[in-house]
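Here is the structure we will look at, set down as structure tokens.
So that the names make sense, note that chain A is the first sequence line, chain B the second, and so on, each numbered from 1.
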Protein chains: 2
Amino acid sequence: MSNSDDAPVRESPVPLSECGAALAIDQIPDRWTWLILREMFYGVSRFADIQTDIGIPKSVLSGRLAQIVENGLVKKEAYRDGSARTRYAYVLTQKGRELVPVILALMQWGDKHIKNGESALELTDKRSGNPVKIGVVPKGGALPLRWVTYKPVWDKKQADGSS
Amino acid sequence: MSNSDDAPVRESPVPLSECGAALAIDQIPDRWTWLILREMFYGVSRFADIQTDIGIPKSVLSGRLAQIVENGLVKKEAYRDGSARTRYAYVLTQKGRELVPVILALMQWGDKHIKNGESALELTDKRSGNPVKIGVVPKGGALPLRWVTYKPVWDKKQADGSS
DNA sequence: TCATCTGAGTTTGACATTTGAACTCTGCTC
DNA sequence: GAGCAGAGTTCAAATGTCAAACTCAGATGA
């Protein structure tokens with residue numbers, strides 16, 4: 001909202017209850033919820049895997065999962081590991097998957113401003129192989145998400161220094 | 001990360017400490033921080049204005065502002081209202097302004113999935129006047145943010161019903 | 001000179017949430 | 001039928017949130 005050198009804005013032009021951003025924030029209100037969605041974006045779907053991956057207390061994970069399932073971002077799916085008993089995996093719904101651009105935009109920002117331009121994930125157009133990013137486009141001009149390929153390029157050497 | 005019908009992902013390919021998204025989330029960890037940034041996106045910059053606009057307790061606002069100033073998302077700028085004493089406004093830095101695509105992506109998601117497609121803010125390309133959105137683009141193919149014009153289209157009738 | 005006002009905080013103390021550890025529950029598998 | 005593992009639930013202590021009251025500083029007025 002460039003208001004340049006005029007009178008200051010004293011109130012947002014859109015109240016919280018009418019603002020898509022504010023309403024979205026209400027469905028992803030805290031750090032844990034964001035990190036859980038990040039895990040699912042990466043394909044991690046089991047309770048215990050998410051728990052150890054991001055270091056969240058089980059009690060909190062259980063509560064947050066219930067919330068995002070209730071909000072329809074994630075659904076619980078039965079799976080069976082080998083011949084063991086049925087367990088549940090948490091996977092993004094269509095609604096949840098459409099948050100991916102938000103996560104990618106955050107990642108892009110973090111890579112630029114916190115990691116000094118070093119990205120840990122390469123995004124390319126599956127058809128052309130050309131790199132892609134998140135940005136402003138004319139309506140109808142965006143590439144479909146399903147054409148995007150993700151390739152981790154995290155350099156283990158940095159953390160590891162192994163022989 | 002489409003892993004289709006193979007073995008499940010048991011661990012994210014990028015650890016939290018190397019993931020731009022996770023690092024970004026650490027700088028905007030809660031609802032209040034998001035809402036404060038939303039206010040600044042809309043141009044609301046004064047302590048008291050932000051406070052009443054989003055209904056945040058003063059003590060919490062004061063703490064959150066200190067955090068985002070320390071993280072460099074926002075800077076404190078002196079202003080003088082009429083002949084009153086110098087006071088401070090909080091405005092986005094370049095780093096903060098580059099979060100705008102994230103906020104817009106959230107807004108787009110909220111408009112689609114919570115407001116059933118009703119947007120309260122129209123985004124257009126300042127040059128052509130054509131509508132724009134946030135999406136995946138070939139690298140280098142995005143429109144610069146400064147070409148985007150924001151126009152509130154919130155329909156007061158809905159909340160108001162005035163004569 | 002002194003009292004008052006206003007924006008921007010800080011302090012306070014009651015209340016709510018988060019944390020991590022210990023416990024439970026449920027069906028395997030041996 | 002004992003042991004195991006994943007997915008929770010329960011609990012007390014630490015931490016964070018809330019609203020109201022208080023502070024502070026400089027302009028303004030009497």
Establish, with yes or no, whether the OP1 or OP2 oxygen of [N] is under 4.0 angstrom from a side-chain nitrogen or oxygen of [X].
X: B:Y88; N: D:dA25; answer: no
X: A:W32; N: C:dT17; answer: no
X: B:R10; N: D:dG6; answer: no
X: A:Y79; N: D:dA7; answer: yes

Rounded to whole Å, how long is the line connecting atom [atom1] of [X] with atom [atom2] of [N]?
X: A:Q51; N: D:dG6; atom1: CD; atom2: P; answer: 11 Å
X: B:I56; N: D:dC18; atom1: CD1; atom2: C1'; answer: 11 Å
X: A:R80; N: C:dC28; atom1: CZ; atom2: P; answer: 6 Å
X: B:I36; N: C:dG9; atom1: CD1; atom2: P; answer: 12 Å
X: B:D30; N: C:dT18; atom1: CG; atom2: P; answer: 11 Å
X: A:R31; N: D:dG16; atom1: CZ; atom2: C1'; answer: 15 Å
X: A:Q67; N: C:dT18; atom1: CD; atom2: C1'; answer: 13 Å
X: A:L61; N: D:dA7; atom1: CG; atom2: P; answer: 10 Å

Subject >> Side-chain H-bond candidate by donor/acceptor type, B:R97 with B:Q94, under 3.5 Å >> reply: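 A pair is found: one side chain offers a donor N or O, the other an acceptor, under 3.5 Å apart.
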Original post:
Can you find a heavy atom in the side chain of B:L16 that is under 4.5 Å from one in the side chain of A:R38?
Top reply: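 Side chain of B:L16 against side chain of A:R38, heavy atoms only: contact under 4.5 Å found.
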Original post:
Are the side chains of A:Y79 and A:S45 in touch, meaning some heavy atoms are under 4.5 Å apart?
Top reply: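 Side-chain contact under 4.5 Å: no.
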**OP:** Mind checking B:V60 for me? I need base, sugar-phosphate or nothing, with any heavy atom below 4.0 Å counting as a touch.
**Re:**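 Here B:V60 touches the backbone only, sparing every base.
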**OP:** Look at all strands and tell whether B:R64 reaches a base, only sugar-phosphate, or nothing, counting heavy atoms closer than 4.0 Å.
**Re:**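 It contacts sugar-phosphate atoms only.
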Original post:
Just how far is it from atom CG of A:L92 to atom CD of A:E98, taken to the nearest 0.5 Å?
Top reply: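 Between A:L92 CG and A:E98 CD, I get 11.0 Å after rounding to 0.5 Å.
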**OP:** Would you give the length of the straight line joining atom CD of B:E18 to atom NZ of A:K115, rounded to the nearest 0.5 angstrom?
**Re:**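 It is 5.0 Å, given to the nearest 0.5 Å.
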Tabulated below should be each protein N or O lying under 3.5 Å from an N or O of nucleotides 21-27 of chain C; please produce it.
from   : atom 1 : to    : atom 2 : distance (Å)
C:dT26 : O2     : A:R85 : NH1    : 2.2

Subject >> side-chain contact (heavy atoms from CB on, under 4.5 Å), paired with A:W32, selected from A:I54, A:L65, A:L61 >> reply: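 Filter result, single survivor: A:I54.
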Subject >> Salt bridge flag under 4.0 Å for residues A:R31 and B:D30 >> reply: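 Between B:D30 and A:R31 there is no salt bridge, as every charged N stays at least 4.0 Å from the carboxylate O atoms.
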